[in-house]
Amino acid sequence: MPLVHMGDMLGHAYRNGYAVGAFDLVSLDFLEAIMSAAERCRAPVVLSLAESHFDYFDFELVMPAVEAAADRASVPVAIHLDHGASLESAVHGINLGCNGVMVDASLEPFDQNVARTRRVVDMAHSCGVPVEGELGYVAGVEGEDAERHPGEVIYTSVEDASAYVERTGVDFLAVSIGTVHGRMKTRPDLDFERLEAINAALQLPLVIHGGTGLSDEQFRRLVAAGVAKINYYTALSDAAAARIADNVASGARGGYTALVKSVQAAISNEVERCIRLWGSADRADALLDECRPWQPVEHLIIYNVGDAGADYVEAMMTEGHEVLGAIPGVRRVFTGEAVQHETGYRYCWLVRFAHPAVIDSYREHPAHRAFADKLFRPVAADRISIDYRAAGVPGAARGVAAESAKTFNR
Ligand code: 13P
């Protein structure tokens with residue numbers, strides 16, 4: 001249950017004057033460290049997965065662990081794709097379990113940034129997923145020396161920000177006001193006047209990237225000016241590396257586990273420091289009361305195929321896995337055959353949707369329509385189709401079927 005709507009989460013932070021930490025994770029040590037700090041502080045948290053880090057871990061392999069961590073949490077959690085480059089990245093992230101996505105087209109000219117972001121927003125909103133866009137450019141690379149990848153900071157202009165939000169429909173905006181991704185030798189100068197003007201014009205949760213290296217006072221001023229999410233990674237990576245270096249220096253023996261001993265604690269302490277500084281500690285319970293839980297829907301069809309043969313059914317199922325599994329918001333496609341045939345219906349589809357919004361967008365999606373019209377409906381007139389959300393699960397919201405669910409043959 002503690003997976004919540006990220007829009008509700010950041011809306012709560014924005015209205016109540018604090019920022020939620022979005023901590024990029026690159027391993028299970030990071031995941032456990034972030035979650036234990038959030039639990040200690042009773043704080044909401046964003047588990048953030050940056051596309052630029054996908055060279056270091058297998059996104060598909062890590063996501064089930066991230067979801068499991070969110071599932072067993074007692075504090076509100078959102079799972080966010082950080083710096084997704086394209087529409088395909090966003091679909092992939094949502095279909096693997098992200099319930100918030102960032103599209104980063106910030107290096108593109110304004111109109112191209114708007115166009116790409118708009119496409120992602122249309123797709124993501126049809127899955128119930130909120131979107132973070134970026135305008136202006138925050139230079140640098142997470143986890144590296146900022147000076148090695150200086151790029152050119154492009155500041156966000158107030159006028160462009162208003163036009164961008166209106167034309168794209170983004171839910172949160174990452175702004176560039178002088179922060180840089182990565183490790184810096186000096187503190188950056190931040191343009192707070194610009195931030196305040198953007199906040200006054202937009203009145204929507206703002207996001208700061210490049211959190212590492214800012215002073216306590218700079219963080220306080222960011223939060224006071226409408227920043228509801230702060231992205232943070234390099235300092236966590238450095239805390240982990242420093243602990244490994246200490247272990248080596250103190251003659252650690254025993255291979256890998258000896259070298260990474262207490263790495264989680266080092267990361268977790270830094271996460272806790274940030275959570276307390278950004279004001280999100282002790283917000284979990286109020287937020288859980290006010291946020292909608294994020295709940296998947298199981299789309300169940302049980303059916304018979306009349307005279308169609310087993311080969312036809314198998315080919316249809318194989319194609320269904322490929323075609324339906326690629327539709328935005330589809331988390332999983334299961335096809336099955338009844339173990340006992342006398343039960344009435346011989347075959348089933350069980351398609352997991354990320355969110356109830358997918359019930360409609362899936363039904364109307366051209367790939368679904370083509371598949372259903374061409375292969376499925378002609379043979380499966382005898383069928384029952386129902387959309388379910390979880391009920392009777394400890395901690396899950398009560399309810400039998402999704403609001404828009406109907407029992408009908410179609
Ligand atoms: P830092 O690595 O500078 O903390 O920035 C993280 C970030 O912005 C991730 O999107």
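Note that the structure is a prediction, hence the values are computed from the model and not measured. Whatever order the structure lists ligands and atoms in, that order sets their numbers, starting from 1.
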Within the heavy-atom cut-off of under 4.0 Å, ligand 1 is lined by D24, D82, H83, E142, V180, H181, G182, H209, G210, G211, T212, N231, Y232, Y233, T234
Quick one: sort the H5 and W294 rings into parallel, tilted or perpendicular, breaks at 30° and 60°.
perpendicular
Go through the structure and list residues passing ring pair (Phe, Tyr, Trp, His ring centres under 6.0 Å) with Y14, not counting sequence neighbours.
none
Excluding sequence neighbours, so at least two apart, what forms ring pair (Phe, Tyr, Trp, His ring centres under 6.0 Å) with Y232?
W278
To the nearest 0.5 Å, atom CZ of R369 lies from atom CZ of R363 at 10.0 Å
By side chain to side chain contact (heavy atoms under 4.5 Å, CB included) - contacts of E322 (at least two apart)
none
Look at the rings of F54 and F57 and say which category their plane angle falls in: under 30° parallel, 30 to 60° tilted, over 60° perpendicular.
perpendicular
